[in-house]
Amino acid sequence: MATHRSIVVLSGAGVSAESGISTFRGVNGLWNNHRIEEVASPEGFARDPDLVHRFYNLRRRQLLDPQTRPNAAHLALARLERSFPGEFMLVTQNIDDLHERAGSSRLIHMHGELLKARCGACETVAVRYDDIDSADTCGHCGARRALRPHVVWFGEMPMRLEEIYTALGGCDLFLAVGTSGHVHPAAGFVDVARRAGAATVEVNLETSVTESMFQRRILGAAAAVLPVLVDELLDGTR
């Protein structure tokens, strides 16, 4: 593979699924017992904050279970960041912290972070490892009943999009891993990168909605095939 000077990686639910994190659209997905608008929209939160907090508290407990660990795909992306001599950005749609645990640091959580809470009154964001209750008080401003999960819900704008689009416009390799291509604006990132002249590669367990837009497609479990691809990319820099 040709040598690259700037890489942007997009990771999706398929990467974390291999660590046991439930996906949203799979056979046993998180939505099976909930409608999306109930637990992942501002309207749902306003209607029943207790239900929404219970939903995310369960997700948080799953993430903090000692059995939930980064897999070989997370570790491979951390190794790519560490060893690649050019510019690198990892953009994840996942709200877990498995990339950080694997060692990634040049990372943007475009859909927020499960282990953080945000105050609706003062917008302060704070780390939370315990359950969040609708009656909790903000530790910064003292507001009651104002805390919400620090995640992007349907109808809300993803985080740090300007930085992401700047990186996409300057990269010469765009790599998408474990993402279905259903969710916008992330589904359109490949088009932005292509227009900028970047090579595009997709790693996925199965064919995605946007697979025709990628120059190269690699089917297989990310934990199995991504370490090989990272070896290939780093060989081109030696």
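On a predicted model such as this, the values are computed, not experimentally measured, just so you know. Side chains included, hydrogens not; waters and symmetry mates left out as well; all remaining heavy atoms used.
Checked by atom type and distance alone, the side chain of S41 pairs as donor or acceptor with a backbone atom of G44 at under 3.5 Å. The backbone N or O of V39 sits less than 3.5 Å from a side-chain atom of Y56, completing a donor-acceptor pair. Between the side chain of T210 and the main chain of M213, no donor-acceptor pair closer than 3.5 Å is present. The backbone N or O of S104 sits nowhere less than 3.5 Å from a side-chain atom of R101 that would complete a donor-acceptor pair. S19 contributes a side-chain N or O that, together with a main-chain N or O of R69, makes up a donor-acceptor pair within less than 3.5 Å. Under a 3.5 Å cut-off, the side chain of N204 and the backbone N or O of L219 do not form any donor-acceptor pair. In this structure a side-chain-to-backbone donor-acceptor pair under 3.5 Å is missing from N94 to D96. With S83 contributing its side chain and R79 its backbone, the two residues share a donor-acceptor pair below 3.5 Å.
Under the 4.5 Å side-chain heavy-atom criterion for ILVMFWY residues, no single connected hydrophobic cluster contains both M89 and V177. L205 and V225 fall into different hydrophobic clusters, where Ile, Leu, Val, Met, Phe, Trp and Tyr side chains are chained together by heavy-atom contacts under 4.5 Å. I95 and V152 end up in different hydrophobic clusters when Ile, Leu, Val, Met, Phe, Trp and Tyr side chains are linked at under 4.5 Å. When the side chains of ILVMFWY residues are joined at heavy-atom separations under 4.5 Å, either directly or via intervening members, V190 and V192 end up in a single hydrophobic cluster. Under the 4.5 Å side-chain heavy-atom criterion for grouping Ile, Leu, Val, Met, Phe, Trp and Tyr, L115 is connected to W153 within one hydrophobic cluster.
Taking 4.0 Å as the cut-off between side-chain N and carboxylate O, D136 and R128 count as a salt-bridged pair. A salt bridge does not link D97 to K116: none of the charged nitrogens lies less than 4.0 Å from a carboxylate oxygen. Comment: E232 engages R216 in a salt bridge, judged by a side-chain N to carboxylate O separation of less than 4.0 angstrom. Contact check on R195 versus D191 returns a salt bridge, with a Lys/Arg side-chain nitrogen under 4.0 Å from an Asp/Glu carboxylate oxygen. Ion pairing between R217 and E202 fails under the 4.0 Å rule for side-chain N and carboxylate O.
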Check against salt bridge (Lys or Arg N to Asp or Glu O under 4.0 Å), E156 and R148: CA-CA 14 Å; E156 295 181 327; R148 57 162 283 178; 2.8 Å; yes
side-chain contact (heavy atoms from CB on, under 4.5 Å) evaluation trace for I21 with Q62: CA-CA 8 Å; I21 300 292; Q62 179 192 35; 4.2 Å; yes
M110 and F189: CA distance, side-chain angles, deciding distance, side-chain contact (heavy atoms from CB on, under 4.5 Å) verdict: CA-CA 12 Å; M110 65 177 295; F189 288 174; 3.8 Å; yes
side-chain contact (heavy atoms from CB on, under 4.5 Å) between S180 and V209, worked out: CA-CA 6 Å; S180 66; V209 173; 5.8 Å; no
Full working for side-chain contact (heavy atoms from CB on, under 4.5 Å) between H140 and E123: CA-CA 10 Å; H140 181 75; E123 295 298 316; over 6 Å; no
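Between A135 and R144, the shortest heavy-atom distance links the atoms O-NH2, 3.8 Å. The two residues R118 and V151 make their nearest non-hydrogen contact at NH1-N, 4.4 Å. Across every non-hydrogen atom of P70 and L98, the tightest pair is CG-O, 3.6 Å. For the residue pair C141 and A121, the shortest heavy atom distance occurs at SG-CB, 4.2 Å. Residue D172 comes nearest to S6 through the heavy atom pair OD1-O, 2.8 Å, listed as atom of the first residue, atom of the second, then distance. Taking each heavy atom of L161 and P185 in turn, the nearest pair found is CD2-CG, 4.0 Å.
Side-chain polar atoms of R60 and N57 form a donor-acceptor pair below 3.5 angstrom. E81 and S105 share a donor-acceptor pair across their side chains, judged by distance under 3.5 Å alone.
Pairs engaging residues 88-137 under the ring pair (Phe, Tyr, Trp, His ring centres under 6.0 Å) rule: H74-H99 [sequence neighbours left out].
Here the straight-line distance linking atom CZ of F174 with atom CD of Q215 works out to 12.0 Å at 0.5 Å rounding. The distance from atom CG of L80 to atom CG of L77, rounded to the nearest 0.5 Å, is 6.5 Å. Within the model, atoms NE2 of H53 and CG of L58 stand 13.0 Å from one another, a figure rounded to the nearest 0.5 Å. To the nearest 0.5 Å, atom CZ of residue R82 and atom CG of residue L234 are 9.5 Å apart. Separation of atoms CG (D48) and CZ (F55) is listed at 13.0 Å; rounding is to 0.5 Å. Here the CG-CZ distance, from L114 to R61, works out to 11.5 Å after rounding to the nearest 0.5 Å.
Side-chain contact between L233 and F84 is absent, with no heavy atoms from C-beta onward closer than 4.5 Å. The shortest side-chain heavy-atom distance between T92 and L107 falls under the 4.5 Å cut-off.
Remark: of the listed residues L10, I218, L90, V203, V203 is the sole one forming a side chain to side chain contact (heavy atoms under 4.5 Å, CB included) with L175.
Geometric assessment of R47 against the ring of F45 yields a negative cation-pi assignment under the 6.0 Å and 45° thresholds.
Counting heavy atoms of neighbouring residues, nucleotides and ligands inside a 6.0 Å radius, atom CD of E87 does not exceed 12 of them.
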